[in-house]
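Let me begin by presenting the structure, written as structure tokens, before commenting on it.
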Amino acid sequence: MRVQLLRHATLLVQLAGSDYLIDPMLSPAEAWEPVRNSANPRRNPLVELPLSAAELDKVLESVAAVFVTHTHGDHWDQPAQERLPKDRPLFCQPNDSDAIRGEGFRQVFPVDPSLEWGGLEIELTGGRHGTGEVAERIGPVSGFVLRAANEPSLYVAGDTIWCEQVEAALDAHQPSVVVVNAGAAQFTDSGPITMDAGDVLSVARAAPDSQVVAVHFESINHCVLSRRELREQVKREGLAERVWIPADGEVLEFA
């Protein structure tokens, strides 16, 4: 299995000989206003994709399917909706399926709670996009567990903090690789709505046989945890061999 972080939460996953695109955010740097009610006023995305225009075109043509954990703009933006082929199979949480069909996609498969497609076993997982009223206001989020014969299993947790749903998914699926959205995204009047350093460490401790890949850094203005800060905490806790913090464009391979 090959996992490439493109930027933020956008992943290109190669599994059983096919490529899958997860949470595509394809906008150029500074295309949108800053996330409101956040301490950093910079426009988003903060950085460009690590691909040339030709390389991105090749990726969009080659992917066998697309996975969207939820439809917030930093996971499913307008350029992704416009540029992805409308006949490409797309997997999502059930409450997002009508909106995605309304964008013209013709093969939309809500996962509820599992299905099989093209040699993949796909299972939907839950999460909490923050705590209290904030989590309720910004809506439901999901993750996916992907399995293919003779390959490591992959759990993409999505936009969630450490919570009972994540702990249950780790216990139920025992994934080989766990991708978590870190960055400690937050508003000026809220706690983190994605994982902070303590949450990432909780995942690593709860899944001692898994490799943990932390993404969702330094691309959107309300993410306050840096790669360097997380790397230092992981090293202090003696978990540097199991927690990977890739740069944009970096490729990780798992046997």
Side-chain angles (χ1 to χ4, degrees), residues 1-15 20 22-23 25 46-47 50 67 69 74-75 125-131 141-147 151-186 191-220 222-255:
M1 180 173 64
R2 181 178 184 268
V3 177
Q4 182 180 18
L5 170 64
L6 298 186
R7 178 183 59 184
H8 195 53
T10 305
L11 305 173
L12 183 62
V13 175
Q14 186 177 82
L15 193 60
Y20 302 98
I22 299 176
D23 280 357
M25 178 182 71
L46 304 180
V47 295
F67 291 82
T69 61
D74 59 330
H75 295 256
T125 61
R128 291 283 294 170
H129 205 351
T131 57
V141 292
S142 64
F144 297 101
V145 175
L146 307 180
R147 296 183 185 275
E151 293 273 8
S153 56
L154 175 65
Y155 168 32
V156 177
D159 266 9
T160 182
I161 59 173
W162 172 250
C163 61
E164 291 180 358
Q165 293 96 321
V166 173
E167 188 172 16
L170 293 172
D171 185 58
H173 299 289
Q174 301 289 307
S176 307
V177 180
V178 184
V179 177
V180 297
N181 289 352
Q186 57 195 269
I193 61 173
T194 62
M195 290 194 183
D196 62 14
D199 290 341
V200 176
L201 294 172
S202 292
V203 171
R205 293 182 184 120
D209 297 323
S210 303
Q211 297 291 314
V212 178
V213 180
V215 301
H216 205 267
F217 294 102
E218 300 163 358
S219 297
I220 299 296
H222 68 330
C223 292
V224 301
L225 175 68
S226 71
R227 288 180 170 97
R228 178 185 57 79
E229 290 168 324
L230 180 59
R231 195 172 284 117
E232 289 172 356
Q233 291 221 38
V234 165
K235 186 175 181 180
R236 283 197 297 270
E237 296 295 323
L239 292 168
E241 293 185 357
R242 286 206 301 111
V243 179
W244 302 74
I245 307 168
D248 291 352
E250 187 172 348
V251 175
L252 304 176
E253 295 193 10
F254 301 94

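In this text the structure is predicted, and so the values were computed from the model without any measurement.
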Sequence-distant partners of [X], side-chain contact (heavy atoms from CB on, under 4.5 Å), two or more places apart:
{"X": "Glu167", "result": "Trp162"}
{"X": "Leu46", "result": "Arg42, Asn44, Asn221"}
{"X": "Ser226", "result": "Glu218, Arg228, Glu229"}
{"X": "Glu151", "result": "Met1, Leu15, Ala16, Ala148"}

Specify the closest pair of heavy atoms between [X] and [Y], including all atoms of both residues, with the distance to one decimal.
{"X": "Ala184", "Y": "Leu225", "answer": "CB-CB, 3.8 Å"}
{"X": "Ala204", "Y": "Leu239", "answer": "CB-CD1, 4.0 Å"}
{"X": "Leu230", "Y": "Ala214", "answer": "CD2-CB, 3.7 Å"}

Would you say [X] and [Y] make side-chain contact, with heavy atoms under 4.5 Å?
{"X": "Asp159", "Y": "Ile193", "result": "no"}
{"X": "Gln14", "Y": "Val3", "result": "no"}
{"X": "Val179", "Y": "Val215", "result": "yes"}
{"X": "Met195", "Y": "Thr160", "result": "yes"}

[X] side chain vs [Y] backbone, donor-acceptor pair below 3.5 Å:
{"X": "Ser142", "Y": "Thr69", "result": "yes"}
{"X": "Thr194", "Y": "Ala185", "result": "yes"}
{"X": "Ser202", "Y": "Val200", "result": "no"}

Residues that Tyr155 engages under ring-ring contact (aromatic ring centres under 6.0 Å, His included), provided they are two or more places apart: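 Expected list: none.
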With sequence neighbours excluded, tell me which residues meet ring-ring contact (aromatic ring centres under 6.0 Å, His included) with His222.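 So His222 forms a ring-ring contact (aromatic ring centres under 6.0 Å, His included) with Phe187.
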Residues 5-13 side chain polar contacts: donor-acceptor under 3.5 Å, at least two apart:
{"from": "Arg7", "atom 1": "NH1", "to": "Ser27", "atom 2": "O", "distance (Å)": "3.1"}
{"from": "Arg7", "atom 1": "NH1", "to": "Val47", "atom 2": "O", "distance (Å)": "2.7"}
{"from": "Arg7", "atom 1": "NH2", "to": "Met25", "atom 2": "O", "distance (Å)": "2.9"}
{"from": "Arg7", "atom 1": "NH2", "to": "Ser27", "atom 2": "O", "distance (Å)": "2.9"}
{"from": "His8", "atom 1": "NE2", "to": "Asp74", "atom 2": "OD2", "distance (Å)": "2.8"}
{"from": "His8", "atom 1": "NE2", "to": "His216", "atom 2": "NE2", "distance (Å)": "3.2"}
{"from": "Thr10", "atom 1": "OG1", "to": "Arg7", "atom 2": "O", "distance (Å)": "3.4"}
{"from": "Thr10", "atom 1": "OG1", "to": "Asp23", "atom 2": "O", "distance (Å)": "2.7"}
{"from": "Thr10", "atom 1": "OG1", "to": "Met25", "atom 2": "N", "distance (Å)": "3.0"}

For Gln233, check side-chain hydrogen bond (donor to acceptor under 3.5 Å, both in side chains) against everything at least two apart and list the hits.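 In terms of side-chain hydrogen bond (donor to acceptor under 3.5 Å, both in side chains), with neighbours along the sequence ignored, Gln233 is linked to no residue.
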Less than 3.5 Å apart, which donor and acceptor atoms pair up between the side chains of residues 245-255 and the rest of the protein, not counting sequence neighbours?
{"from": "Asp248", "atom 1": "OD1", "to": "Arg227", "atom 2": "NH2", "distance (Å)": "2.8"}
{"from": "Glu250", "atom 1": "OE1", "to": "Ala247", "atom 2": "N", "distance (Å)": "2.9"}

Pairwise salt bridge (charged side-chain N to carboxylate O under 4.0 Å, His left out) hits with a residue in residues 194-205, at least two apart: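 Listed by first then second residue: Arg205-Glu237.
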Rounded to the nearest 0.5 Å, what's the gap from OG on Ser176 to CZ on Arg147? Could you check?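 Nearest 0.5 Å value for the OG-CZ distance: 7.5 Å.
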Working to the nearest 0.5 Å, report the span between CZ of Phe67 and CG of Leu154.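 Spacing of CZ (Phe67) from CG (Leu154) equals 9.5 Å.
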